[in-house]
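Notes for the one structure printed next.
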Amino acid sequence: MSTHGNTRFYFFSGKGGVGKTTMACATAIYNARAGKKTLIVTTDPASNLADVFEQAIGSSEVAINGIPNLFGLELDPDEATREYKERTLAPLREILAPASLKIIEEQLSSPCTAEVAAFERFTDFLQAPEYEAVIFDTAPTGHTLRLIQLPGEWSGVIEKAARDGSAGQTCVGPAAALAESKLKFDRALEAMRDGSKSVFTFVLRPEATSIYETKRSVAELKKLGIYSQELIINGVYPAEACDNVFMLHRYIRQQEFLDIIRESFALPATVVELHAGEIKGLPALGEVISQLYEKPVNLSQYRKVSLQGPDGTPASAVDGEANPDVSQLLTPHNGNSRAIFFAGKGGVGKTSVAAATSLWLARHGYKTLLLATDPASHLAEVFEQAITDKPSLIDGENNLWVAHIDPVQAAREYKAKVLAECAAKYDDVRLKAIEEELDSPCTEEMATFEKFIEHATSTGYDVMVFDTAPTGHTLRLLKLPVDWNKQLEIKIFTTLDDSQADKATKARFEQVIAMMQDPDRTTFSFVMYPESTPIEEASRAMQEMAGIGVQTGMVVANMVLPASVLTNPFLKQRKKMQEKYLQQMSQRFQAPIVSLPLLADDLVGREQLAQASIFLYGNGKQGI
C-alpha cells in the first residue's frame with residue numbers, strides 16, 4: 001500500500017460492503033500515527049465513520065478520540081446545499097429585481113443543486129493545504145464513479161453557459177456566479193489525475209460480482225486519465241477456519257477467484273484475511289493496520305494452503321432457522337399490485353435476496369417485475385443473462401421479468417421528451433436555453449427518478465420488486481416524490497404557471513406516495529447481515545422512512561452461519577458475534593425477521609436463487 005512520497009489524497013472505492021470504510025479508517029490512523037496531520041472524509045450519504053470510531057462525527061471537522069493528528073468529517077448533502085444556495089444568492093440580492101431573483105431561487109430548488117453543492121464541498125478537500133493526508137471514504141462504486149466524473153462535466157457546462165454571455169444560465173444558477181466553481185472543478189480533476197498526489201484504492205472481495213465491478217471501475221477511471229490505482233482484497237478466509245467440508249468448499253472457491261484477480265489486474269494488490277470478530281474500535285483497526293502496512297501480504301506472494309478436509313461435497317442445502325410465514329407481505333391484496341423494496345447497506349445481499357424473492361413469487365404464479373435502481377446493478381451476473389433497461393423475461397421462467405434503470409439511456413429519453421413538450425410552448429430562444437439546461441450532468445438524476453416513477457405507477461404486474469442502491473441513495477430516491485410534491489415547479493426548467501403537465505406530474509407523485517405509505521400495497525424491507533454497522537445504518541434509515549409515512553414491513557438477516565459448520569474456534573467466535581446482533585435486530589426492528597443462512601456457493605443462477613428462496617419463504621403456498 002502506498003503511504004509515502006508525495007501522495008496526499010487517498011480514495012477508497014468499491015462495491016458496497018467490501019470494507020471500504022474499514023480500510024480508509026485504518027489508512028487514516030496509520031498516516032496520523034506517522035506524524036501527518038490527517039483528515040478522513042466520507043462522501044457516503046449513509047456514513048459509518050461514527051460507528052467505526054465509536055464517537056459522534058458531523059459535518060464539521062472533529063478530532064478523533066485517542067489519535068493525535070487525526071480529524072474526521074461526514075459530508076452532509078443538506079448542509080452543503082443550504083450553504084451553496086446562500087453563497088449563490090447573497091451577491092445577487094442587491095442587483096437583481098425581485099422577479100429575476102425569484103426565478104433563480106426556483107432554479108436552486110431543483111435536485112441538481114444538491115448534487116453540485118455536495119460535489120463542490122467534496123472539491124474543497126482536494127485543496128486543503130492544512131492537511132498532509134486526506135483520505136476519502138467514498139460511497140459504493142456506481143455513485144463514486146459519478147462523483148469522480150463530475151469535475152469535467154460541470155466544468156464543460158459552466159464554460160458553455162459562460163460563452164453565451166452574461167445571461168448564460170445553468171440549472172444551478174447564472175454561469176457568472178459559478179466561475180469560481182469551474183476553477184475548483186478543474187483543479188480537482190488535475191489533482192486526481194496526478195499520481196504523485198492521489199491514489200485510488202479499490203477494495204474488493206474474492207467474489208464474482210465484486211471482481212466484475214472493480215474491472216469496470218478501473219477502466220472508467222483510466223478513461224478519465226486516472227492511472228494511480230491499487231487493490232485491497234478483503235475478507236479472505238484464513239486456513240484455520242476451513243476444517244469442514246462446507247468451509248473447505250468456500251475456501252477453494254475463494255482461491256479460484258484470487259487466481260482470476262491475479263490474471264485480470266496489473267495493479268499492486270494487498271490481501272487482508274477475514275477477522276473472527278467485527279472491525280470496530282481502535283484495537284480491531286490495529287489488526288487491519290498490521291495486515292495493510294506493517295506485515296502486508298501482496299497477492300503475488302499469497303499462496304493457498306493445501307487443506308485436507310473430510311471426504312464429500314457440501315450439502316446443497318444447509319440447516320437454517322425456521323422463518324415466520326411472511327407470504328402476506330409479498331403478495332397482492334384486494335386486487336391491488338404489490339411493491340416490495342429491498343434496501344440496506346451496500347454488500348449485504350440486497351440483489352441476491354431481491355432476485356430470490358422475485359423468483360419465488362414468479363414460481364407461485366404471480367406476474368413479477370424485478371427492477372434495479374442501483375447504477376452498479378449486478379442482476380445480469382446473478383441471472384446469467386443480459387439485462388437491459390426494458391423488461392425482459394428470464395429464460396426458462398413464465399412470470400419473471402427483469403430490468404434495470406440505465407441512467408444514460410434514461411437521460412436521453414428524458415431530454416427528448418422535455419424538448420418535445422416545450423417545442424409547442426416556447427420560441428426558439430427559450431427552447432435553446434432549455435436545451436442547454438438539459439445538458440447538465442444532473443439531468444441523469446432527474447431522468448432516473450422519472451423512470452422510477454414510471455415503473456412504480458405501472459399496472460402491468462402483480463408484484464414489482466425493487467432492488468435498490470445502498471441506503472443513502474435509496475433514501476434520496478424514495479423521498480423525492482414527497483419533497484417534489486411540495487414544490488410548485490418540478491421540471492428542470494422554470495415556469496410560473498401551473499400547467500396541465502405539472503398537474504399530471506403531481507398526480508403521479510401523489511399516487512406513488514400513497515402506494516409507499518400503504519402497507520397493503522407496499523412492503524419496505526431491510527437486508528442486513530448480523531453485525532453492528534448494517535444494523536445501525538438500517539435503523540437510521542427506518543426512522544427516516546417512518547418520517548415520510550413509510551413503515552418497515554420485513555427484515556432479512558443474511559449470511560447467518562449454520563450451526564452444522566461450527567467446527568473451530570474462529571467460526572464459533574463469529575457465530576457468537578452474530579447471535580448477539582440477531583438479538584439486537586429482534587429488539588430494534590418491529591417487523592418480522594427472516595434469516596438466510598450462509599450457503600456453500602454464491603447466489604448466482606436460478607438453481608442457487610431457488611434454494612435461497614425456499615430458505616427464506618418455504619416451499620409451499622401457506623398463507624397465499
For [X] and [Y], which heavy atoms make the closest approach, and how far apart are they?
{"X": "Leu609", "Y": "Ala356", "value": "O-CB, 3.6 Å"}
{"X": "Cys25", "Y": "Phe53", "value": "SG-CE1, 3.5 Å"}
{"X": "Gly35", "Y": "Asn69", "value": "CA-ND2, 3.8 Å"}
{"X": "Arg33", "Y": "Ile289", "value": "NH1-CD1, 4.1 Å"}
{"X": "Pro534", "Y": "Tyr529", "value": "CG-CE1, 3.3 Å"}
{"X": "Gly349", "Y": "Asn558", "value": "CA-ND2, 3.7 Å"}

Practice item. Decide whether Ser198 and Tyr10 meet the rule of one side-chain donor and one side-chain acceptor closer than 3.5 Å. Key: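 No.
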
**Study point:** Thr351 and Asp467: side chain donor to acceptor below 3.5 Å
**Key:**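 The criterion, which ignores hydrogens and geometry beyond distance, is satisfied for Asp467 and Thr351.
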
Check your understanding: What residues form a ring-ring contact (aromatic ring centres under 6.0 Å, His included) with Phe136, not counting sequence neighbours?
Key ->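 For Phe136, the residues satisfying ring-ring contact (aromatic ring centres under 6.0 Å, His included) (neighbours in sequence not counted) are Phe11, Phe122.
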
**Study point:** Residues which pass ring-ring contact (aromatic ring centres under 6.0 Å, His included) with Phe466, listed by chain and number, not counting sequence neighbours
**Key:**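 Listed in chain order: Phe341, Phe452.
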
Distance, nearest 0.5 Å, that separates [atom1] of [X] from [atom2] of [Y]:
{"X": "Ile67", "Y": "Leu285", "atom1": "CD1", "atom2": "CG", "answer": "7.5 Å"}
{"X": "Met559", "Y": "Ser352", "atom1": "CE", "atom2": "OG", "answer": "7.0 Å"}
{"X": "Met23", "Y": "Leu292", "atom1": "CE", "atom2": "CG", "answer": "5.5 Å"}
{"X": "Ile260", "Y": "Gln255", "atom1": "CD1", "atom2": "CD", "answer": "12.0 Å"}
{"X": "Arg205", "Y": "Ser210", "atom1": "CZ", "atom2": "OG", "answer": "8.0 Å"}
{"X": "Lys215", "Y": "Leu204", "atom1": "NZ", "atom2": "CG", "answer": "11.0 Å"}

Exercise for review: Start with the C-alpha gap between Glu220 and Lys223, add the side-chain angles, then the distance that decides, and say whether salt bridge (charged side-chain N to carboxylate O under 4.0 Å, His left out) holds.
Suggested key: CA-CA 5 Å; Glu220 288 296 323; Lys223 289 179 184 177; 3.3 Å; yes

Please tell me if the side chains of [X] and [Y] come closer than 4.5 Å, counting only heavy atoms from C-beta onward.
{"X": "Ile394", "Y": "Arg606", "answer": "yes"}
{"X": "Gln291", "Y": "Val297", "answer": "no"}
{"X": "Gln254", "Y": "Glu207", "answer": "no"}
{"X": "Val271", "Y": "Asn298", "answer": "no"}
{"X": "Leu370", "Y": "Phe342", "answer": "no"}
{"X": "Val272", "Y": "Ile232", "answer": "yes"}
{"X": "Val134", "Y": "Thr38", "answer": "no"}
{"X": "Ile57", "Y": "Ile64", "answer": "yes"}

Point to revise | Cation-pi, Tyr131 ring and Lys37 (6.0 angstrom, 45 degrees) | key: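 Satisfied, under 6.0 Å and within 45°.
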
I'd like to know if the side chain of [X] reaches the main chain of [Y], judged simply by a donor and an acceptor atom lying under 3.5 Å from each other, with no hydrogens or angles considered.
{"X": "Asp602", "Y": "Val604", "value": "no"}
{"X": "Lys390", "Y": "Ala403", "value": "no"}
{"X": "His404", "Y": "Ile387", "value": "yes"}
{"X": "Thr201", "Y": "Phe12", "value": "no"}
{"X": "Asn31", "Y": "Thr27", "value": "yes"}

Point to revise | Arg253/Glu256 salt bridge by N-O under 4.0 Å criterion | key: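 Salt bridge flag = yes for Arg253 with Glu256.
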
Exercise for review: Show your working on side chain to side chain contact (heavy atoms under 4.5 Å, CB included) between Leu39 and Glu61 and close with a plain yes or no.
Suggested key: CA-CA 8 Å; Leu39 174 68; Glu61 296 155 50; 3.9 Å; yes

Point to revise | Which residues share a side chain to side chain donor-acceptor pair (under 3.5 Å) with Tyr237, sequence neighbours left out | key: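 Only Arg250 meet the side chain to side chain donor-acceptor pair (under 3.5 Å) criterion with Tyr237.
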
**Study point:** Heavy atoms from other residues, nucleotides or ligands near CD of Glu607 exceed 12 (cutoff 6.0 Å)
**Key:**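 Incorrect, the count does not exceed 12.
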
Check your understanding: Going through the distances and angles, do Thr214 and Leu231 end up as a side chain to side chain contact (heavy atoms under 4.5 Å, CB included)?
Key -> CA-CA 9 Å; Thr214 304; Leu231 304 178; 3.9 Å; yes

Review point. Run the side chain to side chain contact (heavy atoms under 4.5 Å, CB included) check on Thr22 and Asn234 step by step: do they pass?
Key: CA-CA 10 Å; Thr22 298; Asn234 190 27; 5.8 Å; no

Practice item. Begin with the C-alpha distance, continue with both residues' side-chain angles, and end with the deciding distance and a verdict on side chain to side chain contact (heavy atoms under 4.5 Å, CB included) for Ile233 and Leu258. Key: CA-CA 8 Å; Ile233 303 130; Leu258 289 175; 3.7 Å; yes

